Enquirer: 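Take a look at this one; I'll ask things after.
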Amino acid sequence: MAIFGGMMTLVSLSRRAATLAVLALMVWSVSFFLHFFWEMAQVPFFSGMAEARHWDVVWLCTRATVGDANIAFGAYVLAALFVKDWFWIAKPWRLSTLSIYLGVGLTVTILFEYWATGAGQRWNYSGLMPDVPLLSIGALPLVQWVVIPIMLIYTVKWMFLGWQISK
């Protein structure tokens with residue numbers, strides 16, 4: 001009987017791991033989709049992008065989007081570690097969890113944008129980019145890290161709960 005109980009625990013753990021993997025995939029892939037759309041919409045706000053070849057722009061935006069999705073996933077993981085619940089997105093949200101989730105993405109974005117437009121010389125803004133004077137960075141990347149993460153958690157919660165019901 002002890003062997004059967006151990007096997008049930010193993011099955012239970014593997015189901016939990018599989019469910020967590022599905023949730024992780026949802027968070028990363030929805031983030032990728034939403035950020036890619038945003039990155040492509042921002043093209044006119046970066047120097048030289050509007051005049052660049054289409055596939056060059058797609059490639060640059062895809063690379064930026066992979067970074068965005070990784071930041072979003074990292075922010076999700078840090079929030080999960082804080083509340084000790086990998087499935088926090090599927091439950092009523094607490095302000096502290098949301099603050100960590102949004103704060104991590106905003107902080108990384110501010111630091112990276114400051115570096116990328118300064119010492120890193122990765123890109124420059126066009127004259128269309130609204131400026132955040134105190135931070136010396138563009139406003140749209142900051143807006144991105146408020147709008148997209150909120151859209152992400154609503155979308156993933158809806159998808160994940162729907163997936164849970166359907167299985």
Side-chain angles (χ1 to χ4, degrees), residues 7-46 49 54-55 57-114 116 123 125 128-130 132 135 137-167:
M7 300 234 334
M8 288 307 290
T9 302
L10 184 60
V11 168
S12 177
L13 284 175
S14 67
R15 280 192 184 142
R16 181 171 171 81
T19 302
L20 180 57
V22 167
L23 177 59
L25 182 61
M26 285 180 184
V27 169
W28 197 90
S29 59
V30 170
S31 177
F32 183 90
F33 173 78
L34 294 173
H35 281 287
F36 184 77
F37 176 78
W38 187 281
E39 292 291 345
M40 292 299 288
Q42 285 187 116
V43 163
F45 297 91
F46 288 85
M49 292 288 282
H54 176 73
W55 288 111
V57 171
V58 170
W59 174 241
L60 287 169
C61 288
T62 300
R63 287 181 22 213
T65 302
V66 168
D68 293 334
N70 289 340
I71 293 166
F73 186 73
Y76 181 87
V77 168
L78 287 174
L81 290 170
F82 176 76
V83 296
K84 297 176 179 76
D85 183 3
W86 291 102
F87 301 99
W88 67 265
I89 201 168
K91 299 170 183 164
W93 302 323
R94 297 190 329 215
L95 183 57
S96 59
T97 309
L98 292 177
S99 297
I100 290 168
Y101 171 64
L102 293 172
V104 167
L106 279 170
T107 301
V108 170
T109 297
I110 290 168
L111 294 172
F112 192 74
E113 285 290 318
Y114 185 78
W123 56 77
Y125 303 128
L128 298 173
M129 177 66 79
V132 179
L135 300 174
I137 63 172
L140 292 180
L142 290 185
V143 172
Q144 175 180 359
W145 281 93
V146 174
V147 172
I148 300 297
I150 291 170
M151 290 173 64
L152 171 70
I153 59 175
Y154 276 105
T155 303
V156 171
K157 182 175 186 171
W158 173 75
M159 287 172 58
F160 185 70
L161 292 176
W163 176 76
Q164 288 283 71
I165 290 169
S166 70
K167 33 176 235 173

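By convention here, the first residue in the shown sequence is residue 1. In this text the structure is predicted, and so the values were computed from the model without any measurement. Heavy atoms only: backbone and side chains are in, while hydrogens, waters and symmetry mates are out.
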Enquirer: Going by the side chain to side chain donor-acceptor pair (under 3.5 Å) test, which pairs reach into residues 69-82, not counting sequence neighbours?
Expert: W28-N70
Enquirer: Let me have the donor-acceptor pairs involving side chains of residues 95-103, under 3.5 Å, with sequence neighbours excluded, atom names and distances please.
Expert:
residue, atom, partner, partner atom, Å
S99, OG, L95, O, 2.8
Y101, OH, P149, O, 3.3

Enquirer: Atom CD1 in I150, atom OG1 in T155: separation rounded to 0.5 Å?
Expert: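 Rounded to the nearest 0.5 Å, the CD1-OG1 separation comes out at 11.5 Å.
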Enquirer: Evaluate the side-chain proximity of I89 to M26: yes if any heavy-atom separation is below 4.5 Å, no if none is.
Expert: no
Enquirer: List the atom of H35, the atom of A72, and the distance in Å for their closest heavy-atom pair.
Expert: NE2-CB, 4.5 Å
Enquirer: Taking all non-hydrogen atoms of both residues, which atom of M49 and which atom of L60 are closest, and how far apart?
Expert: SD-CD1, 3.8 Å
Enquirer: Kindly write out the residues that satisfy side chain to side chain contact (heavy atoms under 4.5 Å, CB included) with L111, not counting sequence neighbours, or none if the list is empty.
Expert: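 With neighbours one apart ignored, the set is T107.
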Enquirer: Write down the atom of F160, the atom of A90, and the distance for their closest heavy-atom approach.
Expert: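 Distance-wise, the nearest heavy atoms are CD2-CB, 3.7 Å.
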Enquirer: Would you mind reporting whether W93 and W88 have side-chain heavy atoms less than 4.5 Å apart?
Expert: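 When only atoms from C-beta onward are counted, W93 and W88 do touch, with a gap below 4.5 Å.
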Enquirer: Does any non-hydrogen side-chain atom of Q42 lie less than 4.5 Å from one of C61?
Expert: no
Enquirer: If you count every heavy atom of other residues, nucleotides or ligands that lies below 6.0 Å from F32 atom CZ, does the total exceed 12?
Expert: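 Correct, the count exceeds 12.
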Enquirer: Give the table of side-chain donor-acceptor pairs shorter than 3.5 Å for residues 79-86, with sequence neighbours excluded, one pair per line with atom names and distance.
Expert:
residue, atom, partner, partner atom, Å
D85, OD1, F87, N, 2.9
D85, OD1, K91, NZ, 3.3
D85, OD2, K91, NZ, 2.5

Enquirer: Can you measure from CD1 (I137) to CD (E113) and round to the nearest 0.5 angstrom?
Expert: 6.0 Å
Enquirer: Any non-hydrogen side-chain atom of T109 less than 4.5 Å from a side-chain atom of Q144?
Expert: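 No, their side chains stay 4.5 Å or more apart.
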Enquirer: Working to the nearest 0.5 Å, report the span between CG of L140 and CD of E39.
Expert: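 Between atom CG of L140 and atom CD of E39 there are 10.5 Å.
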Enquirer: I'd like to check V30 versus M151 (side-chain heavy atoms, cut-off strictly below 4.5 Å). Are they in contact?
Expert: no
Enquirer: Just wondering, do M40 and V58 contact through their side chains at under 4.5 Å, heavy atoms?
Expert: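 In short, these two side chains touch, coming nearer than 4.5 Å.
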Enquirer: If you take the centroid of each ring, where Trp contributes its six-membered ring, are W123 and F112 closer together than 6.0 Å?
Expert: yes
Enquirer: Holding to side chain to side chain contact (heavy atoms under 4.5 Å, CB included), I want the full list of residues that pass it with W158, two or more places apart in sequence or in another chain.
Expert: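 For W158 there are no side chain to side chain contact (heavy atoms under 4.5 Å, CB included) partners, ignoring immediate neighbours.
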Enquirer: Below 4.5 Å, heavy atoms only, C-beta onward: do V156 and L23 meet side chain to side chain?
Expert: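 V156 vs L23: side chains touch.
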Enquirer: A side-chain contact here means heavy atoms from C-beta on lying under 4.5 Å apart; do F33 and L152 qualify?
Expert: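 No. Closest side-chain heavy atoms not under 4.5 Å.
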Enquirer: When you measure from the side chain of W38 to the backbone N and O of L34, does any donor-acceptor pair fall under 3.5 Å?
Expert: no
Enquirer: Measuring from S31:OG to D68:CG, what's the distance to the nearest 0.5 Å?
Expert: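 S31 OG to D68 CG: 7.0 Å, rounded to 0.5 Å.
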Enquirer: As a quick check of understanding, evaluate side-chain contact (heavy atoms from CB on, under 4.5 Å) for I110 and V132, giving each step before the final call.
Expert: CA-CA 10 Å; I110 290 168; V132 179; over 6 Å; no
Enquirer: With sequence neighbours left out, what residues match I71 under side chain to side chain contact (heavy atoms under 4.5 Å, CB included)?
Expert: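 Here the qualifying residues are V108, W145.
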